[in-house]
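One structure is given here, and the rest of the page talks about it.
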Amino acid sequence: MDEIYTLYGQMPSGYLSVSTRSGGKFKAERFFLTSEWREMEAYIIELSKSQDTYFSFNVVTHRPLSGRGTSEYFGAAPGVFLDVDLKQAEAGIHSANDRLPSSLEEVFALLDRHNLPRPTQVVRSGNGFYFRYLFDVPYYFETEEDRAAFQKLSKGAHQRFAKVWADEGWTLDDMSDLPRVTRMGGTFNHKTTPAKPVELMEELQGSTFSHEWFKEFASKGIEECTSVTVSKSRSAKPGKPDQIPDGVTDLAKLGLVYAGCP
C-alpha cells in the first residue's frame, strides 16, 4: 500500500513536513507537496534507517519560515489519530508504563465495550500503535474560525477516548493539536536497540468516517468535558491537581479533568 498517497491523494495542494527526533527534540528536515508522495516516502524510509523519522499528519497551506509550523499554518486534515502506547518490558520506554494496556486485543475489547469505533488504519509503532480515524473526504479549514472549530472538535474526539482509558486506569496522550507528527510504515523506531520496525497493518483496515459523524462524535466529548468542569469548578482550584474536589475518589479521573479540560 502507498501509505502517503492513501492519506493525501485527494488533496491537490498543500505541504507535509518530514522531521527527525534526537535527544527529545524535533528537527524539521524537509517539506514535500502532497503530490510528491513517492519522493516523500522514499526520503522517510532512507532517513529512518539511522534515526527516528516522522511526518506531519495534517497539511500546511504554505511552508513556515522555521520548524514544522504552528497551528495557524494548517489548512486540512485527513482525519484524527490516537497514539496508543502499550506496556513494555524494557525500562524507560514509557513514563506511564504501569498505566498502559498490555495488548492490542485489550484495547479493541475496551472500544467494543464502550461502543467506540475501531480505527480506519492501525500502525504498529514499535512500542504501541497509532489508530487513524480517516475521513471519507479531506476536512478543510480555510479561515481562522474554521480552524478553531476543527481544533475544538479534535479535542472533543480525544476526550471521548481519554475518558474510557482513564476509567480503565490507563493513560492516553493527547494528539489532538494540529502540528502533531506520526510514523510511517516501513520505517524504524530507534527508542530501543535494536530498532523496532514500524508497520501499517493492512489486515486491520476499517471504514472511513464522514464529517457529520465526526462532528456528532466529537461534540459529545466536548459536552462531557464541559459538564465535568462546571460541576467541579466550585470545589476545585485551578492549577495542579493537589486539591481533590468533593466527591472525586478516582485520581486517574481527576487527572483527566485537569489534562483534558484546562
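Residues take their numbers from the sequence shown, with the count starting at 1. Everything numeric in this text was worked out from a predicted model, so none of it was measured.
- You'll find the side chain of Arg68 stays beyond 4.5 Å of the side chain of Val60, heavy atoms only.
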Run the side-chain donor-acceptor check on residues 82-89: report pairs under 3.5 Å with partners two or more places apart or on a different chain.
unit_1, atom_1, unit_2, atom_2, d
Gln88, OE1, Lys196, NZ, 3.3
Gln88, NE2, Leu86, O, 3.0
Gln88, NE2, Asn127, O, 3.1

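- Annotation: Tyr5, atom OH; neighbour count of heavy atoms from other residues, nucleotides and ligands within 6.0 Å does not exceed 12.
- Classification of Arg30 and Glu39 as a salt-bridged pair holds, one side-chain N sitting under 4.0 Å from a carboxylate O.
- Put simply, the side chain of Arg183 reaches to within 4.5 Å of the side chain of Asn189, judged on heavy atoms.
- Here Phe214 and Phe150 bring their ring centres to under 6.0 angstrom of each other.
- A perpendicular orientation is assigned to the rings of Phe135 and His211, their planes being inclined by more than 60° (bins at 30° and 60°).
- Between atom OG of residue Ser71 and atom CG of residue Asn58 there is a gap of 9.5 Å, rounded to the nearest 0.5 Å.
- Classification of Arg132 and Glu3 as a salt-bridged pair holds, one side-chain N sitting under 4.0 Å from a carboxylate O.
- Looking only at side-chain heavy atoms (C-beta outward), Met11 and Tyr8 come within less than 4.5 Å of each other.
- Between Leu104 and Phe129 the shortest side-chain heavy-atom distance falls below 4.5 Å.
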Does the side-chain contact (heavy atoms from CB on, under 4.5 Å) test come out yes or no for Tyr140 and Asp146, once each step is laid out?
CA-CA 8 Å; Tyr140 293 99; Asp146 291 343; over 6 Å; no
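- Side chain of Ser48 to backbone of Ile44: no donor-acceptor contact under 3.5 angstrom is found.
- Two residues are said to be in side-chain contact when any heavy atoms from C-beta on lie closer than 4.5 Å; Val181 and Pro179 fail this criterion.
- Every side chain to side chain donor-acceptor pair (under 3.5 Å) that Ser176 has, sequence neighbours left out, goes to Asp174.
- For Arg99 against Gly169, the heavy-atom pair with the smallest separation is CB-O, 3.5 Å.
- The shortest side-chain heavy-atom distance between Tyr139 and Leu153 falls under the 4.5 Å cut-off.
- A donor-acceptor contact shorter than 3.5 Å is absent between the side chain of Glu216 and the backbone of Trp213.
- Once rounded to the nearest 0.5 Å, the distance linking CZ of Phe141 with OG1 of Thr61 reads 9.5 Å.
- Atoms OG and NZ, on Ser125 and Lys191 in that order, are 7.5 Å from each other to the nearest 0.5 Å.
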Residue pair Val198, Arg124: steps toward the side-chain contact (heavy atoms from CB on, under 4.5 Å) verdict
CA-CA 5 Å; Val198 179; Arg124 188 191 303 275; over 6 Å; no
Show your working on side-chain contact (heavy atoms from CB on, under 4.5 Å) between His158 and Met175 and close with a plain yes or no.
CA-CA 8 Å; His158 165 77; Met175 298 286 115; over 6 Å; no
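- For Glu72, the side chain to side chain donor-acceptor pair (under 3.5 Å) partners at least two apart in sequence or on another chain are Thr70.
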Between side-chain atoms of residues 14-24 and protein atoms elsewhere (two or more places apart, or another chain), which donor-acceptor pairs fall under 3.5 Å?
unit_1, atom_1, unit_2, atom_2, d
Ser17, OG, Ser56, OG, 3.4
Thr20, OG1, Glu29, OE2, 2.6

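- Under a hydrophobic-cluster definition in which Ile, Leu, Val, Met, Phe, Trp and Tyr are linked whenever side-chain heavy atoms come within less than 4.5 Å, directly or via other members, Val137 and Val80 are assigned to different clusters.
- A donor-acceptor contact shorter than 3.5 Å is absent between the side chain of Tyr133 and the backbone of Arg118.
- Here the straight-line distance linking atom NE2 of His94 with atom CG of Leu100 works out to 6.0 Å at 0.5 Å rounding.
- The shortest side-chain heavy-atom distance between Met184 and Thr53 does not fall under the 4.5 Å cut-off.
- Distance check, rounded to the nearest 0.5 Å: CG of Leu47 to CG of Asp52 gives 11.0 Å.
- Of all heavy-atom pairs spanning Thr171 and Ala96, the tightest one is OG1-CB, 3.7 Å.
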Check the pair Phe31 / Glu36 against side-chain contact (heavy atoms from CB on, under 4.5 Å), numbers first and verdict last.
CA-CA 10 Å; Phe31 281 82; Glu36 298 174 325; over 6 Å; no
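- The CZ atom of Arg160 sits 15.5 Å away from the NZ atom of Lys155 when rounded to the nearest 0.5 Å.
- Using a distance-only test at 3.5 Å, with no hydrogens or angles considered, no donor-acceptor pair links the side chain of Thr192 to the main chain of Ala195.
- Taking a cutoff of 4.0 Å between a charged side-chain nitrogen and a carboxylate oxygen, Lys49 and Glu46 qualify as a salt bridge.
- Using a 4.0 Å cut-off between charged side-chain N and carboxylate O, Arg113 and Glu168 make a salt bridge.
- Contact annotation: the side chain of Val122 never approaches that of Tyr130 to less than 4.5 Å [non-hydrogen atoms, C-beta and beyond].
- Ring centers of Phe161 and Phe217: under 6.0 Å apart, within the cut-off.
- Remark: Arg147 pairs with Glu144 by the side chain to side chain donor-acceptor pair (under 3.5 Å) rule, at least two apart or across chains.
- Residue pairs satisfying the ring pair (Phe, Tyr, Trp, His ring centres under 6.0 Å) criterion with at least one member in residues 46-69, sequence neighbours excluded, are listed as follows: Phe26-Tyr54, Phe57-Phe81, His62-Tyr73.
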